[in-house]
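Structure first, commentary second.
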Amino acid sequence: MAVNAAIDKDCPVCHCEMVLPTAIPACGHKFCFLCLKGVSMAHLGGCPICRGPIDEKIFKKPKQNLNLKMDMPDSPAPSTSNSAEKEVKEEPVDEDVKPDVNALNAALNTASTKMYWLYHGRNRGWWRFDPRVEKDIEEAYNHRMPITEVTICGQAYVIDIAKMTQYPKNNKGAARDVKRVDSNEFDTLDVKGLAGVFAASGGAGSSST
């Protein structure tokens, strides 16, 4: 990959592939939406690259053409084309140590099912977490942790998995509901957008706002 292409693709703040790329109007430099919003909220001196001004209007009801079911950047979508190859095959073994093949296959299928984490908006509707934050929450859930912490816009948030709520670490009273859903349930919900960015109508995988 060319150097300039890599620069355009990666966020200068988190050094990962951008999620919801957002440009600063004054200078044109791009960042992940949440990374840029975090910089602005922390009053860190403007654009992280040139220190130019950040117009906070870009954080007011932002809208992008996006796929609400997008995978985490650099993380390939779960493939079902090789599912037959992944199945546990039954082979002749001693009956005393013979595994339960059906149970193993069921566990494998459960583990490969894509799950989404949503949080409830201030007014109405559900929003999907940033895919990287979602990955951290799902890992905590799979490790049966009742509570975990994530960083959103540079701020610490508590995800109470046992109670299915989230709140700023320093403000437990500002709790919101969260939900873990599969793809089918996702499609039945009024999902407004991703990580604070509205999904524009007509985008692949998007819902109307």
Side-chain angles (χ1 to χ4, degrees), residues 1-77 114-122 126-141 145 147-159 166-171 174 176 178 191-200 203-206 209:
M1 179 184 293
V3 174
N4 287 341
I7 292 175
D8 289 341
K9 186 177 182 182
D10 294 342
C11 173
V13 174
C14 67
H15 304 293
C16 297
E17 185 175 341
M18 291 185 205
V19 174
L20 304 172
T22 302
I24 298 175
C27 60
H29 291 131
K30 291 183 178 180
F31 309 85
C32 295
F33 175 78
L34 289 183
C35 288
L36 184 58
K37 187 175 180 180
V39 168
S40 178
M41 291 173 61
H43 304 290
L44 297 178
C47 173
I49 294 178
C50 67
R51 298 306 176 189
I54 300 175
D55 186 350
E56 294 188 0
K57 291 180 181 179
I58 62 176
F59 307 121
K60 305 296 183 183
K61 295 186 177 181
K63 183 180 292 187
Q64 292 188 20
N65 290 315
L66 55 89
N67 181 355
L68 287 175
K69 291 183 176 179
M70 67 177 286
D71 290 295
M72 190 172 69
D74 293 330
S75 177
K114 172 64 178 177
M115 303 300 294
Y116 301 90
W117 282 87
L118 312 176
Y119 62 93
H120 203 268
R122 289 190 181 91
W126 292 94
W127 293 75
R128 185 184 167 195
F129 282 95
D130 177 293
R132 295 192 182 105
V133 174
E134 181 180 73
K135 177 177 179 289
D136 292 340
I137 300 173
E138 181 67 9
E139 287 181 354
Y141 176 90
M145 297 170 58
I147 291 177
T148 189
E149 288 188 18
V150 297
T151 301
I152 302 174
C153 291
Q155 307 296 313
Y157 282 79
V158 174
I159 309 297
Q166 73 147 9
Y167 53 87
K169 188 175 182 179
N170 62 355
N171 187 6
R176 301 189 195 180
V178 300
V191 180
K192 298 297 183 181
L194 175 64
V197 175
F198 283 91
S206 69
T209 59

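Each residue takes its place number in the sequence, starting with 1.
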For the CZ atom on F59, are there more than 12 heavy atoms of other groups (residues, nucleotides or ligands in this structure) within a distance under 6.0 Å? yes

Scanning both residues in full, the closest heavy-atom pair of L20 with V197 reads CD1-CG2, 3.6 Å

Looking at W117, is its backbone amide N or carbonyl O close enough to the side chain of E134 to form a donor-acceptor pair, meaning the two atoms are under 3.5 Å apart? yes

In short, C16 meets R132 closest at the heavy-atom pair CB-NH2, 3.2 Å

Whether the side chain of Q64 engages the backbone of P21 through a donor-acceptor N/O pair (distance < 3.5 Å, no angle test) should be reported. yes

Within the structure provided, determine whether V13 and C32 are in side-chain contact (heavy-atom separation under 4.5 Å). no

Which atoms form the tightest heavy-atom contact between M18 and K30, and what is the distance? CE-O, 3.4 Å

Quick check: do D130 and I152 have side-chain heavy atoms less than 4.5 Å from each other? no

Side chains of H120 and W126: does their closest heavy-atom pair fall under 4.5 Å? yes

The single option from C47, P53, P48 passing side chain to side chain contact (heavy atoms under 4.5 Å, CB included) against C50: C47

Non-hydrogen atoms of G45 and R51 that approach each other most closely: O-CD, 3.3 Å

Taking all atoms of both residues into account, what is the closest heavy-atom pair of L34 and A195, and its distance? CD2-O, 3.7 Å

Salt bridge or not between K135 and E139? Use side-chain N to carboxylate O under 4.0 Å. yes

Separation between CZ (F129) and CD (E138), nearest 0.5 Å, reads 12.0 Å

Is there a side-chain contact between V19 and P131 (heavy atoms, below 4.5 Å)? yes

Any idea which heavy atoms bring A199 and L66 closest together, and the distance? CB-CD1, 4.0 Å

Can you tell me if R128 uses its side chain to pair, donor with acceptor, with the backbone of V191 under 3.5 Å? no

Taking only residues two or more places apart in sequence or in another chain, which ones pass side chain to side chain donor-acceptor pair (under 3.5 Å) with Q155? none

What is the ring orientation for Y119 with W127, classed by angle as parallel under 30°, tilted 30 to 60°, or perpendicular over 60°? parallel

